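The model shown is predicted, which means the values in this text are computed figures rather than measured ones.
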Amino acid sequence: MTEAAKEARRAYQRKWRRENPEKVRATQDRYWEKKSIEAKKELKA
């Protein structure tokens with residue numbers, strides 16, 4: 001991927017995240033809930 005394409009993708013993602021903070025937060029919450037469950041399973045094993 002060219003540097004110009006990478007920068008265009010980053011710019012789009014920054015704009016999307018700025019316009020959709022609730023979706024970003026929901027995604028982060030799901031990620032950390034999943035990681036928490038995995039960590040608990042790891043401790044039990």
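Side-chain contact check for Met1 versus Arg9: some heavy-atom pair is nearer than 4.5 Å. Residues Thr27 and Arg25 form no side-chain contact, since every pair of their non-hydrogen atoms from C-beta on lies 4.5 Å or further apart.
Taking a cutoff of 4.0 Å between a charged side-chain nitrogen and a carboxylate oxygen, Arg14 and Glu7 qualify as a salt bridge. Here Arg30 does not pair with Glu33 in a salt bridge; the nearest charged N to carboxylate O distance is not below 4.0 Å.
No donor-acceptor distance shorter than 3.5 angstrom exists from the side chain of Ser36 to the backbone of Trp32, with no hydrogens or angles considered.
Note on Tyr12 and Val24: same hydrophobic cluster, where clusters join Ile, Leu, Val, Met, Phe, Trp and Tyr whose side-chain heavy atoms are under 4.5 Å apart, directly or indirectly.
The distance from the NZ atom of Lys15 to the CG atom of Asn20 is 9.0 Å, given to the nearest 0.5 Å.
For Arg18, the side chain to side chain donor-acceptor pair (under 3.5 Å) criterion is met by no residue, not counting sequence neighbours. For Lys34, the side chain to side chain contact (heavy atoms under 4.5 Å, CB included) partners two or more places apart in sequence, or in a different chain, are Glu38.
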